[in-house]
Amino acid sequence: MERKKLKLSKKGKITIYISLGVTVVALMFAVYKMLPGETTPEIPDTSSVTEYIQGKNPTEVQSTAYDALIAAIDSENQEDQAKYVAVNFVLDFFTWSNLTARENIGGLTYVIPDLRNNFGMQAIDEYYLNFEEFKKKYGSSGMCEVEKYEVIKVGQSKFIYEADKSAKAIDYTISITYKSKASGMPTDGLKSQTVITVLPIEGRYYVAGVDYVNK
């Protein structure tokens, strides 16, 4: 089983744990220093750090999940707010059919605001690395698209946010099913399950960690 975990800290560092069997490699590096011409993530343009922006051209499942999040906010249902932040992130991050370019990272609006750039840079160099190659080969309509999801486990996380160590993070284990597309991008090797760590910050919930699991 392969596991890859991205953890974000207030100091702008990202720790990646990669393990294959009993081998564990830990890498830590500081904030990216941009080089001329280097690809940078598109950061959501928000007037408030507590505003969640829906992505362009959402799929039906994305629209339904986003509406559920807004309903949870309107009704002040914190349990559903946290859950649907995790769900919306998963749907946006793993659906590429409505993204325009490699730097157009899905789900950044749900990441802790002051860590979005670091998270986006990591995604560009890791999970989105071959985005342009796949888009050229299969076209936008043939790109991967999450068709179904299921929250299969919810539990308290061990994640501690340096800016507010009293905040209790929640881990959501979510399974992913991709839409089958004739002559589309192969999905057999894509992530089928992920653990999303969500953290409460100033009355809203944000993604603080992503743990990929391939079985």
Side-chain angles (χ1 to χ4, degrees), residues 5-10 43-99 104-116 119-120 123 127 144-179 190-213:
K5 189 158 189 171
L6 282 71
K7 280 192 174 183
L8 309 182
S9 76
K10 184 66 176 178
I43 306 301
D45 182 15
T46 60
S47 57
S48 168
V49 296
T50 61
E51 183 178 3
Y52 304 119
I53 303 298
Q54 186 176 30
K56 296 180 180 179
N57 304 314
T59 65
E60 183 177 353
V61 67
Q62 285 175 313
S63 292
T64 300
Y66 185 80
D67 289 345
L69 172 59
I70 299 305
I73 294 172
D74 291 342
S75 64
E76 299 183 352
N77 186 325
Q78 294 190 0
E79 183 177 343
D80 278 356
Q81 285 182 48
K83 179 180 76 173
Y84 282 109
V85 162
V87 166
N88 275 276
F89 172 83
V90 166
L91 295 177
D92 289 5
F93 188 83
F94 293 102
T95 292
W96 288 5
S97 58
N98 50 16
L99 300 181
N104 182 210
I105 308 298
L108 277 185
T109 190
Y110 303 106
V111 174
I112 297 174
D114 59 352
L115 301 179
R116 288 171 182 165
F119 184 90
Y127 202 76
C144 56
E145 180 179 325
V146 179
E147 184 176 44
K148 293 189 298 183
Y149 69 88
E150 182 181 1
V151 179
I152 58 180
K153 184 179 179 181
V154 180
Q156 186 172 340
S157 176
K158 295 180 180 180
F159 180 86
I160 298 176
Y161 186 46
E162 294 179 3
D164 184 2
K165 294 184 178 181
S166 65
K168 294 182 179 180
I170 308 167
D171 282 343
Y172 293 89
T173 303
I174 301 175
S175 65
I176 304 168
T177 301
Y178 295 92
K179 186 175 183 179
L190 299 183
K191 306 303 178 183
S192 59
Q193 186 173 302
T194 182
V195 180
I196 305 299
T197 300
V198 174
L199 193 72
I201 300 177
E202 298 180 355
R204 285 287 187 267
Y205 289 88
Y206 293 99
V207 172
V210 180
D211 190 351
Y212 307 133
V213 179

Counting only N and O atoms by type, is there a donor-acceptor contact under 3.5 Å from the side chain of Asn104 to the main-chain atoms of Leu99?
no

Do you know the tightest heavy-atom contact between Ile105 and Gly120?
CG1-O, 4.1 Å

Could you state the interatomic distance from OG1 (Thr64) to CG (Leu91), rounded to the nearest 0.5 Å?
9.5 Å

Residues that Lys179 engages under side chain to side chain contact (heavy atoms under 4.5 Å, CB included), provided they are two or more places apart:
Glu145, Glu147, Lys181

Roughly how far, to the nearest 0.5 Å, is CD1 of Ile53 from CG of Leu108?
12.5 Å

Correct closest heavy-atom pair for Phe93 and Ala123 would be CE1-CB, 4.0 Å

Please list, chain by chain and in numerical order, all residues satisfying side-chain hydrogen bond (donor to acceptor under 3.5 Å, both in side chains) with Gln54, sequence neighbours excluded.
none

Show the nearest heavy-atom pair for residues Asn98 and Asn57, with the distance to one decimal.
ND2-O, 3.0 Å

Applying the ring pair (Phe, Tyr, Trp, His ring centres under 6.0 Å) criterion to Phe94, which one of Tyr127, Tyr149, Phe89 satisfies it?
Tyr127

Among Val207, Asp211, Thr173, Val151, find the residue that satisfies the side-chain contact (heavy atoms from CB on, under 4.5 Å) test when tested with Ile196.
Val207

Identify each donor-acceptor pair in which a side-chain atom of residues 65-75 lies under 3.5 Å from a protein atom, sequence neighbours left out, and give them as a table.
from: Tyr66; atom 1: OH; to: Tyr52; atom 2: O; distance (Å): 2.9
from: Ser75; atom 1: OG; to: Ala71; atom 2: O; distance (Å): 2.9
from: Ser75; atom 1: OG; to: Ala72; atom 2: O; distance (Å): 3.3

Shortest non-hydrogen separation from Pro58 to Ser63 and the atoms involved
CG-OG, 3.4 Å

Contacts of Thr59 that satisfy side-chain hydrogen bond (donor to acceptor under 3.5 Å, both in side chains) - sequence neighbours left out:
Gln62

Any side-chain heavy atom of Gln78 within less than 4.5 Å of one from Tyr205?
yes

Please find the pair of heavy atoms, one from Leu190 and one from Cys144, that lie closest to each other, and give the distance.
CD1-CB, 3.6 Å

Can you list everything that forms a side chain to side chain contact (heavy atoms under 4.5 Å, CB included) with Thr177? Sequence neighbours excluded, please.
Lys148

Return the set of residues passing side-chain hydrogen bond (donor to acceptor under 3.5 Å, both in side chains) with Tyr84 (not counting sequence neighbours), or none when no residue passes.
none

Atom CD1 in Ile112, atom CG in Leu199: separation rounded to 0.5 Å?
5.5 Å

Polar side-chain atom of Ser157 near backbone of Asp171 as donor-acceptor pair, under 3.5 Å:
no

Who are the ring-ring contact (aromatic ring centres under 6.0 Å, His included) partners of Tyr172, not counting sequence neighbours?
none

What is the minimum heavy-atom distance between Arg116 and Tyr206, and which atoms define it?
NH2-CE2, 3.9 Å

Working for side-chain contact (heavy atoms from CB on, under 4.5 Å), residues Phe119 and Val210:
CA-CA 10 Å; Phe119 184 90; Val210 180; 3.8 Å; yes

Separation of Tyr110 OH from Asn88 CG (nearest 0.5 Å):
3.5 Å

